Amino acid sequence: MMAGQGGLEKLSVGVLSAEQQEKLRLFKIKTRIENEKYLRSHSEVEVLIGDFVRDVLLKRPADICEFAAEHFTNPNLHMVTASKMEGKSEMK
């Protein structure tokens with residue numbers, strides 16, 4: 001979607017009051033902390049994304065969206081990820 005469509009133009013933070021800017025800043029910090037906690041408690045995300053990026057770089061597909069759809073709908077993805085998670089925990 002291009003900027004300007006559906007009212008999603010890029011907004012300037014400068015149009016916010018000082019209080020709104022502070023609330024936004026705190027919201028961003030809180031969100032980053034929550035995201036970091038989630039990712040640390042779900043290490044499988046790193047394995048899933050890492051495998052996908054590795055496969056993209058190795059295979060260099062012309063249609064990345066189609067490649068991603070096939071990659072993440074692989075019926076064996078759960079088993080492959082679980083196996084790699086086991087290997088990762090054994091290395092620690």
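Because the structure is predicted, anything quoted here is derived from the model rather than measured. Only heavy atoms go into these numbers, but all of them, side chains included; no hydrogens, no water, no symmetry mates.
Of the inter-residue distances, the one linking Arg25 atom CZ with Lys30 atom NZ reads 14.5 Å to the nearest 0.5 angstrom. Between atom CD of residue Glu34 and atom CD1 of residue Ile29 there is a gap of 12.0 Å, rounded to the nearest 0.5 Å. Separating the OG1 atom in Thr81 from the CG atom in Leu77 is a distance of 4.0 Å, to the nearest 0.5 Å. Here the CD atom belonging to Glu44 is positioned 11.0 Å from the CD1 atom belonging to Ile49, to the nearest 0.5 angstrom. We find the CG-NZ distance between Leu48 and Lys84 to be 9.5 Å, quoted to the nearest 0.5 Å. Residue His78 holds its NE2 atom at 10.5 Å from CE of Met85, rounded to the nearest 0.5 Å.
For the pair Glu66 and Pro61, the minimum side-chain heavy-atom distance is 4.5 Å or more. Side-chain contact between Glu70 and Asn74 is absent, with no heavy atoms from C-beta onward closer than 4.5 Å. In this structure the side chain of Leu24 never reaches within 4.5 angstrom of the side chain of Gln20, judged on heavy atoms. The side-chain heavy atoms of Leu39 and Glu46, taken from C-beta on, include no pair separated by under 4.5 Å.
With hydrogens and angles ignored, the 3.5 Å screen pairs no side-chain donor or acceptor of Ser83 with any backbone N or O of Met79. A donor-acceptor pair is defined here as one N or O able to donate and one able to accept, closer than 3.5 Å; no such pair exists between the side chain of His71 and the backbone of Phe67.
When the side chain to side chain contact (heavy atoms under 4.5 Å, CB included) test is applied to Glu19, the partners found at least two apart in sequence or on another chain are Ser17, Lys23. With sequence neighbours left out, the ring pair (Phe, Tyr, Trp, His ring centres under 6.0 Å) criterion links Phe72 to Phe52.
Pairing each heavy atom of Asp51 with each of Arg54, the nearest pair is OD1-NH1, 3.0 Å.
Hydrophobic clustering (ILVMFWY, side-chain heavy atoms < 4.5 Å, transitive): Val45 and Val53 are in one cluster.
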query = For Arg32 and Glu36, what are the C-alpha separation, side-chain angles and deciding distance, and is it a salt bridge (charged side-chain N to carboxylate O under 4.0 Å, His left out)?
reply = CA-CA 6 Å; Arg32 283 185 179 180; Glu36 183 68 26; over 6 Å; no
